[in-house]
Amino acid sequence: MKNRKLLSLLLPVAAITSFILFNACKDGGPTTNKETPTATTPIAGGGAGLKLPSGFSAAVIAEKLGGTREIAVTQQGNIYVKLSRAKNGKGILFLQQEGDKATVKNSFGTFGGTGVFVKNGYLYASSDEEVFRFKLNDKNEVINPDQPEKIVTGLISRREHEPKAITLDNDGNLYVNIGAYSNSCQVDDRKKGSPGRKGCPILDSAGGIWQFKADKLNQHYGDGVRYATGLRNVVGMDWNQQNNQLFVMQHGRDQLHDLYPDLYTVQQSAILPAECMYALKKGDNAGWPYMYYDQEQHKKILAPEYGGDGKKEGGQDAIDPVAAFPGHLAPNGLLFYTGDQFPEKYKNGAFIAFHGSWNRAPEPQAGYFVVFQPFKDGKPAGEWEIFADGFSGSAANTASGRAEHRPCGLAQGPDGSLYVTDDSQGTIYKITYKK
Amino acid sequence: MHLKKYALLLLALVLSTAALQAQTKHKTIKKGAAIGLKTSMNAGQKVFSQYCVSCHQADALGVPHMNPPLVKTTYVLGDKTKLIKIVLNGFNEDVEINGETYSNSMPSHDFLKDQEIADVLTFVRNSFGNKASAVTMAQVKTVRATNKK
């Protein structure tokens, strides 16, 4: 009985502390600009169980589709969505919209995976090892669904960070994320006491973004360029049209407390390191596995596997993030909004779908929302804010990590509507704005 | 305003979880007749919170597609030798449980003492709705002695 009383006294204190810590993170990061107007708070009743800023509404246009990962919407308003695992042997769904519903008209592509992208008359789609493309007709419909062209093949996929996110630039290049098959490049992955490997060999073939030609068939590693390295894992990536540059969202490392309980508390381990947004140039190094970004100290910190103590700085040759978000939230979708439907402040800013955390346990989990990061002149400017919340179903679901829906992919429709996939239950949300 | 609301909600949530946890704990202890089991369970819970919870989660239900659940699966409730070997050697292959595939690698936990492994496995086999016989230090010792990676 005594213990129970003590517990109920202490737990709220811990909860409030972590809550304050969590919110404190919002003030951190390289993007902080206190003079920008305060964020709009999402309100309940946005439709489809979501909380959205006033004037926005959401509709579930399709559900129970499977593991819906990334999504592309054509100029005709039709939808391609990639399934993590092929369903009845088909890994890509084609949906057409009518009113508030989207119906599956066709399914094809024998492979599961994550990436899907429409550009220059082709639909690009990735498995965990390859990238394919399908020729489109003048209505952006796939002409021959059974005969894709293989663009890239033989990419590494070793049961950790396997998804190959893709995007294209305007100069005929395809960018592919090849996630590191490791947490921090220890000799024994995630084993307590196992040291970090100097000259991490993983970086030769993973832990970065590779650039390939968008129209050349059967490219291997040797045909591509390691465009940027030192990125542990990226799922959300998009080409910024304003400054013609690749932006990515990194999934930061896990388990600081598990592996180094003497250096990091459970609470620190829950919010560190930052989930970082990077603006990449060819040849950039983001510093994994030797460092991580601490959004509270606003510093690149030497990873403990490489002699760090939570304070020593590291990553002298690594680029700084352009924005930093609280740890483990798992950014899976990144989209620069170029539409005219939403209010002016959203134009050219970034939407980020946070899949939600798991590596915060035993602290409460967090995420399962879509964030808006304002931009000015191609750079983050001002504080990020939660744009769409409520995917998890309840505060209890969020805290336990048992979310009903988990936001993953983002796309913009021809009329400026925002589409969000949920890969937990296979839902597609459409978010619109009316003055 | 919004901040306050959120804080209150969190507080309520944490309080109810605490109450729930306290209840389950109470029940389990009542069932475990032997004092040895009780001691092992308590010690095992500590090992669980230190080394297991961040991946397998507080409810031991794991993380979809990544970290497998420890509840109602033969991996946990079945052959003890196999289970002890997973802790000693880690687990590095895709595993399908109830139609879901899990792919994260589990590192070797051979740095844990025989008693710690016995305790944590006894705890997991008798918590979260699981019910199975205890794992003893002697059993861990035997498996470790003949363990081939």
Side-chain angles (χ1 to χ4, degrees), chain A residues 1 3-4 7-16 18-20 22-23 41-43 67 84-85 157-160 162 181-183 186 188-194 254-255 257-259 261 266 269-270 357-365 394-396 398-403 406 423-424, chain B residues 1-23 25-26 42 45 48-67 69 89-95 99-112 149:
Chain A
M1 273 316 277
N3 271 341
R4 210 183 295 181
L7 251 184
S8 42
L9 273 172
L10 281 176
L11 276 171
V13 177
I16 289 165
S18 57
F19 174 74
I20 290 166
F22 177 75
N23 276 274
T41 310
I43 47 171
S84 54
R85 279 209 280 176
S157 170
R158 294 195 185 158
R159 303 179 41 254
E160 193 171 354
E162 322 89 293
Y181 43 95
S182 173
N183 179 39
Q186 290 168 276
D188 292 312
D189 188 25
R190 297 176 191 261
K191 184 174 180 182
K192 197 181 171 198
S194 176
D254 297 329
Q255 293 180 286
H257 170 79
D258 288 352
L259 298 167
V266 170
S269 193
S357 70
W358 62 268
N359 201 245
R360 289 179 169 227
E363 290 290 290
Q365 304 293 356
S394 70
T398 297
S400 66
R402 304 288 160 221
R406 304 186 74 177
D423 68 351
S424 185
Chain B
M1 269 314 281
H2 176 68
L3 269 163
K4 257 191 200 162
K5 243 193 218 165
Y6 193 28
L8 268 172
L9 224 111
L10 235 144
L11 203 146
L13 172 79
V14 165
L15 278 173
S16 57
T17 326
L20 242 163
Q21 268 175 356
Q23 263 178 26
K25 207 173 156 190
H26 197 65
N42 286 339
Q45 188 172 24
F48 185 83
S49 345
Q50 175 70 49
Y51 297 104
C52 316
V53 75
S54 77
C55 291
H56 292 291
Q57 306 294 300
D59 54 13
L61 292 173
V63 180
H65 312 301
M66 301 174 97
N67 309 323
N89 302 335
F91 197 86
N92 291 297
E93 53 196 90
D94 286 358
V95 53
E100 272 260 33
T101 315
Y102 302 89
S103 69
N104 263 13
S105 291
M106 171 170 159
S108 147
H109 283 68
D110 56 4
F111 55 85
L112 293 174
K149 283 196 184 183

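To find a chain, count down the sequence lines: A is the first, B the second, and so on, and within it residues start at 1.
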Spatial distance of atom CZ (R190(A)) from atom NE2 (H109(B)) [nearest 0.5 Å]
11.5 Å
V53(B) side chain near P362(A) side chain, heavy-atom distance below 4.5 Å
yes
Against chain B, label Q186(A) side chain, backbone, both or neither, depending on which of its atoms sit under 4.5 Å from a heavy atom there.
neither
Which portion of N92(B) sits near chain A, non-hydrogen atoms under 4.5 angstrom:
both
So CG of N359(A) and CD of Q57(B): to nearest 0.5 Å the spacing works out to 8.5 Å
Option that, when pairs with chain A are counted at under 4.5 Å, heavy atom only, ranks first among H56(B), E93(B), M106(B):
E93(B)
So which part of M66(B) gets closer than 4.5 Å to some heavy atom of chain A, the side chain, the backbone, both or neither?
side chain
Could you tell me which of T101(B), D94(B), V63(B) has the largest number of non-hydrogen atom pairs under 4.5 Å with chain A?
D94(B)
How many angstroms lie between CD in E162(A) and NE2 in H65(B), if you round to the nearest 0.5 Å?
10.5 Å
Side chain, backbone, both or neither of R158(A) within contact of chain B (heavy atoms, under 4.5 Å)
neither
Contact winner vs chain A - S105(B), P107(B), C55(B), heavy-atom pairs under 4.5 Å
P107(B)
Taking Q365(A), Q255(A), K192(A) one by one, which has the highest count of heavy-atom pairs under 4.5 Å against chain B?
K192(A)
Under 4.5 Å to a heavy atom of chain A? For D59(B) that would be side chain
Distance-minimising heavy-atom pair for K191(A) and S108(B)
NZ-OG, 3.3 Å
Any luck finding a side-chain donor-acceptor pair between D258(A) and S54(B) under 3.5 Å?
yes
